[in-house]
J.: 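Below is a structure I'd like to ask you about.
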Amino acid sequence: MKPLAFTCGDPAGVGPEIIAAWLLAHPAEAAGIAVIGPARWLETLPAGPQKVAVGLEDYIAAPGQPDGDGALVAWAAMERAAQGVLAGEFSGVVTAPVSKERLAAIGYPFPGQTEFFAAHWQGDPVMCFCGGRLRVALATWHIPLHQVGRALGPHLLHRTVAAAAELARAEGIAVPRIGVCGLNPHAGEGGLLGYEEKDFINPALEHLRPEFPGLSLCQPGDTLFARALRGEFDVIVALYHDQGLAPLKTVDFDEAVNVTLGLPFVRTSPDHGTAFGIAGRGQARATSFTNAVTVARRLIATRPSPSL
Ligand SMILES: NC(=O)c1ccc[n+]([C@@H]2O[C@H](COP(=O)([O-])OP(=O)(O)OC[C@H]3O[C@@H](n4cnc5c(N)ncnc54)[C@H](O)[C@@H]3O)[C@@H](O)[C@H]2O)c1
Ligand SMILES: N[C@H](C(=O)O)[C@H](O)COP(=O)(O)O
């Protein structure tokens, strides 16, 4: 059995400590893990996992004080993981959080990790989250809000709905009820408060309904999450980042897992970021990371090639 790779993320963030916490809590499972990060940090981890050093040999991060060398380490760990999966060395990747700003400052050319793995593994990614109570697939994520409306073409809606269905089916829901958020207030109110739903989003969704019988047309986004919590929908399609992630992280922050669907290999991540403000203080909760490992293993076991 190939090991599952953990990347350290930004070494000044909470990534290193949540990985260490996972290893301490799961000693019997450590042999199935390859941890990728700076050598001096790897030395501090318990025995058991394979340890793969990247970056400067003597680099030691200062928790909460990110720097350029740390960003290089974070990037190198992702490169090592992506290449290792392609080479058949690792079964998939669980990434610890990185700082997009810090990576951009050293010339990293992607908005986030999702786009990095999509480029390296040649996929058509969809950013999805599964929490304890909500499942969400995002139609768009790392783009400015003013670009969202024009991005919502038929291909993008199709791949997002397919990812939403895959997310629910992976948890045993054969015909998922998929609720789609409208873009505008009250899903456009029949065109009074916005035209996108009426003009092209709902027609595209109508076209998809034979393939996805549980698919809704655009629903008012302000109440859709409450309806999902009441059991009306199994999974929600949100049209932009904060539309989906504000409710998800409000309800499920400590539990939710970021899953990239649409890739030929498995990549999951906790739903939180680097949390520089608490790094190194023993305050970081490792539950989301732990769930990310569980979800990655389940996807690897049930669907070795998780492309849509
Ligand atoms: N997967 C990823 O790589 C990923 C995901 C989200 C954000 N980010 C990046 O992380 C950086 C910081 O983002 P942010 O401040 O918006 O979000 P954040 O998730 O880092 O922090 C938001 C709040 O939650 C707290 N928090 C976060 N993780 C926690 C944990 N495990 N236990 C306890 N409390 C926790 C933080 O202290 C903070 O109060 C940004 O550069 C962002 O782009 C990366
Ligand atoms: N948009 C995600 C979030 O807010 O949780 C996060 O930035 C992660 O992005 P990547 O998985 O692409 O790094």
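Residues take their numbers from the sequence shown, with the count starting at 1. Since we're looking at a predicted model, the values are computed, not measured. Ligands are counted one by one from 1 in listed order, and the atoms in each one are counted from 1 as well.
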J.: Is the Y59-W41 ring centre distance short of 6.0 angstrom?
T.: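 Ring centroids of Y59 and W41 are no less than 6.0 Å from each other.
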J.: Without hydrogens or angle criteria, can the side chains of D271 and S288 be said to hold a donor-acceptor pair below 3.5 Å?
T.: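 There is such a pair (donor and acceptor under 3.5 Å, judged by atom type) between the side chains of D271 and S288.
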J.: Salt bridge or not between R40 and D58? Use side-chain N to carboxylate O under 4.0 Å.
T.: yes
J.: Would you call E206 and R209 a salt bridge, using N to O less than 4.0 angstrom?
T.: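 Salt bridge: yes.
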J.: Rest of the hydrophobic cluster containing I60 (Ile/Leu/Val/Met/Phe/Trp/Tyr, side-chain heavy atoms under 4.5 Å)?
T.: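 Once heavy-atom contacts under 4.5 Å are chained together, I60 still belongs with nothing else.
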J.: Going by an N to O cut-off under 4.0 Å, is there a salt bridge joining E89 and R80?
T.: yes
J.: For N202 and E197, does a side-chain donor sit closer than 3.5 Å to a side-chain acceptor?
T.: no
J.: Collect the protein residues that have a non-hydrogen atom under 4.0 Å from ligand 1 and hand them over in chain and number order.
T.: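 Contacting ligand 1 under 4.0 Å are P97, V98, S99, K100, Q113, F253, S269, H272, G273, T274, A275, I278, Q283, A284, R285.
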J.: Taking the basic N atoms (NZ, or NE/NH1/NH2) and the acidic carboxylate oxygens, is any pair closer than 4.0 Å for D252 and R133?
T.: no
J.: Going by side chain to side chain donor-acceptor pair (under 3.5 Å), name the pairs with one or both residues in residues 107-120, residues two or more places apart or in two chains.
T.: E79-H120, T114-R267, E115-W141, E115-H142
J.: Listing by chain and number, which residues have a heavy atom under 4.0 Å from ligand 2?
T.: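 Residues near ligand 2: K100, G112, Q113, T114, E115, M127, F129, H142, H241, L245, K249, N258, R267, D271.
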